Undergrad: 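Please see the structure below; I have some questions.
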Amino acid sequence: MSTIEEEFISTVSHELRTPLTSIRGFSQTLLNSWDRIKDDDKKKFIGIIEEQSNRLIHLVENILSVSKLNAGMQVFKEVDVNNSIRKVLPIIENQYKTHKFVLELMSNLPSAYLDDDKFQQIMTNLIDNAAKYSDCGSTVTIKTEIFENKICITVQDEGVGIKEEDKDKVFKKFSRLENHLTSKTQGNGLGLYITKQLVEKMQGTIDFESFVGKGSSFKVTFPFYNQEEALRCSQIS
Ligand SMILES: Nc1ncnc2c1ncn2[C@@H]1O[C@H](COP(=O)(O)OP(=O)(O)OP(=O)(O)O)[C@@H](O)[C@H]1O
Ligand SMILES: [Mg+2]
């Protein structure tokens, strides 16, 4: 086993152990002291068990995504990017009810040549981060346009931002940065690692700009579905 694999397994085991220990602890407390625990506390403990189970499911899903990254299981087809964004947004809106989500989607945007499920996974990760690392009530804007003869998708937030010295860490596996929202929110630091790998597998690019206290803007670009389209759009843009 390579050192990288060993490191990965050791980090994953640690990430698994924390929620499992908590689930076991609260289940044991409930089982052993059921009659002595107040109803309110019972509810609170069961809530923690549910939250930690969700955390485990999220981690296992992300680990599966990482392990599938090199399996080459992609189904490329013509994708209407705006349409896919409209599909993923309601799921995230439902989780972040106090945030405002604004779509600025270019009409007549040319199609891209992508694996639609993977594209939706990319958008979910970026929009989820934008909402997760910004305060309640703030706005997340998702914009599509043609930029330098490519399809360009920007997810912009008004959140905590990323410090200059942390900027080279964001796409690394299991890296979560220090800010007042990281400790309050759940995550394993795998989302952006997976996102970057997926983007690059689909001939895309990903980049971001960020200012502490002001917000971040993640930009993804993909080539057009076909060359004729590319030519036509190079005349528009
Ligand atoms: N829009 C953003 N604004 C501020 N910080 C961000 C933003 N997106 C990511 N980060 C920082 O980069 C880290 C890595 O992001 P990533 O999506 O990989 O992990 P995560 O959100 O912590 O967990 P996961 O996505 O695996 O649930 C985050 O923990 C956060 O500190
Ligand atoms: Mg994330």
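Bear in mind the structure is a predicted one, so any value in this text is a computation, not a measurement. Quick note: numbers below take in every heavy atom, side chains included, and nothing from hydrogens, waters or symmetry partners.
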Undergrad: Would you find a donor on one side and an acceptor on the other, under 3.5 Å apart, between the side chain of Ser134 and the backbone of Gly159?
TA: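 Not a single qualifying donor-acceptor pair exists.
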Undergrad: If we only count heavy atoms from C-beta on, is the Phe218 to Thr154 side-chain gap below 4.5 Å?
TA: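 Heavy-atom side-chain distance check fails, nothing below 4.5 Å.
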Undergrad: Starting from Trp34, can I reach Phe45 by hopping between I/L/V/M/F/W/Y residues whose side chains sit under 4.5 Å apart?
TA: yes
Undergrad: For the side chain of Lys87 and the backbone of Gln120, is there at least one donor-acceptor N/O pair under 3.5 Å apart?
TA: no
Undergrad: List the atom of Thr185, the atom of Tyr133, and the distance in Å for their closest heavy-atom pair.
TA: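 It is OG1-CE2, 3.8 Å.
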Undergrad: Give the cluster check for Ile194 versus Ile57: same hydrophobic cluster or not, with ILVMFWY residues linked at side-chain heavy-atom distances below 4.5 Å.
TA: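 Looking at the clustering, Ile57 is in a separate group from Ile194.
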Undergrad: Between Val75 and Asp117, is there a side-chain heavy-atom distance shorter than 4.5 Å?
TA: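 In short, these two side chains do not touch, never coming nearer than 4.5 Å.
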Undergrad: Search all heavy atoms of Ile92 against all heavy atoms of Asp128 and return the closest pair with its distance.
TA: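 Where Ile92 meets Asp128 most closely, the heavy atoms are CD1-N, 4.2 Å.
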Undergrad: Using only heavy-atom distances, determine whether the side chains of Asp80 and Ser111 contain a donor-acceptor pair under 3.5 Å.
TA: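 Note: Asp80 and Ser111 side chains miss the donor-acceptor criterion.
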Undergrad: So do the side chains of Val170 and Ser175 get within less than 4.5 Å of each other, counting heavy atoms only?
TA: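 Not in contact.
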Undergrad: Using a strict cut-off of less than 4.0 Å between a Lys/Arg side-chain nitrogen and an Asp/Glu carboxylate oxygen, indicate whether Asp39 and Lys42 qualify as a salt bridge.
TA: yes
Undergrad: Does NZ or CZ of Lys219 lie under 6.0 Å from the centre of the six-membered ring of Phe147, at an angle within 45° of the ring axis?
TA: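 Geometry flag: set, cation within 6.0 Å and 45°.
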Undergrad: State plainly whether one hydrophobic cluster holds both Ile91 and Val81, where clusters connect Ile, Leu, Val, Met, Phe, Trp and Tyr through side-chain heavy atoms under 4.5 angstrom apart.
TA: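 Hydrophobic grouping puts Ile91 apart from Val81.
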Undergrad: Working to the nearest 0.5 angstrom, can you tell me the gap between Leu20 CG and Leu56 CG?
TA: 5.0 Å
Undergrad: Could you check whether atom NZ of Lys214 has more than 12 heavy atoms from other residues, nucleotides or ligands sitting under 6.0 Å from it?
TA: no
Undergrad: Give a yes or no on whether Glu93 atom CD has more than 12 heavy-atom contacts from other residues, nucleotides or ligands under 6.0 Å away.
TA: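 Atom CD in Glu93 is packed in, count exceeds 12.
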Undergrad: Quick check on the hydrophobic clustering: are Phe224 and Met106 connected, directly or via other members, by side-chain heavy-atom contacts under 4.5 Å?
TA: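 Phe224 clusters together with Met106.
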Undergrad: So, Thr221 and Thr205: side-chain donor and acceptor under 3.5 Å apart, yes or no?
TA: yes
Undergrad: Using the rule side chain to side chain contact (heavy atoms under 4.5 Å, CB included), only one of Leu126, Val220, Asp207, Leu114 pairs with Val199; which is it?
TA: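 Going through Leu126, Val220, Asp207, Leu114 one by one, the side chain to side chain contact (heavy atoms under 4.5 Å, CB included) with Val199 is satisfied by Val220 alone.
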Undergrad: Under the criterion side chain to side chain contact (heavy atoms under 4.5 Å, CB included), I'd like the reasoning laid out for Gln156 against Lys143: C-alpha separation, chi angles, the key distance, then a yes or no.
TA: CA-CA 8 Å; Gln156 186 165 9; Lys143 189 171 170 184; over 6 Å; no
Undergrad: Take the angle between the ring planes of Phe119 and Phe222 and call it parallel below 30°, perpendicular above 60°, tilted in between.
TA: perpendicular
Undergrad: For atom CD of Glu200, decide whether the heavy atoms of other residues, nucleotides or ligands shown that lie under 6.0 angstrom number more than 12.
TA: yes
Undergrad: Assess the residue pair Ile127 and Leu89 against the criterion (side chain to side chain contact (heavy atoms under 4.5 Å, CB included)); give the C-alpha distance rounded to whole Å, side-chain angles, the decisive distance to 0.1 Å, and a yes or no.
TA: CA-CA 8 Å; Ile127 305 170; Leu89 190 60; 4.2 Å; yes
Undergrad: Spell out, yes or no, whether Ile46 and Phe26 are grouped together once hydrophobic residues are joined by side-chain heavy atoms under 4.5 Å, including indirect joins.
TA: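 Yes, Ile46 and Phe26 fall within the same hydrophobic cluster.
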Undergrad: For atom CD of Glu165, decide whether the heavy atoms of other residues, nucleotides or ligands shown that lie under 6.0 angstrom number more than 12.
TA: yes
Undergrad: Looking at every non-hydrogen atom in both residues, tell me the closest pair between Ser65 and Gln121 and how far apart they are.
TA: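 Minimum heavy-atom contact is OG-NE2, 3.0 Å.
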Undergrad: Give a yes-or-no answer on whether the side chains of His99 and Thr139 include a donor-acceptor pair shorter than 3.5 Å.
TA: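 Side-chain D/A pair, His99 to Thr139: absent.
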Undergrad: Kindly state whether the ring of Phe171 and the ring of Tyr193 have centres lying under 6.0 angstrom apart.
TA: no
Undergrad: Return the CD to CD1 distance between Gln52 and Ile49, rounded to the nearest 0.5 Å.
TA: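 The distance works out to 9.5 Å.
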Undergrad: How about Thr195 and Asn125: does a side-chain donor come under 3.5 Å of a side-chain acceptor?
TA: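 Side-chain D/A pair, Thr195 to Asn125: present.
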Undergrad: Determine which pairs satisfy side chain to side chain donor-acceptor pair (under 3.5 Å) with at least one residue from residues 18-27, sequence neighbours left out, and list them in order.
TA: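 Sorted result for residues 18-27: empty, none.
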Undergrad: Mind listing the closest non-hydrogen atom pair of Met202 and Pro223 along with its distance?
TA: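 Closest pair (atom of Met202, atom of Pro223, distance): O-CD, 4.1 Å.
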Undergrad: Any side-chain heavy atom of Met123 sitting closer than 4.5 Å to one from Ile142?
TA: yes
Undergrad: For a quick test of reading the model, state the closest non-hydrogen atom pair linking Asn188 to Asn62 and the distance between them.
TA: OD1-ND2, 4.0 Å
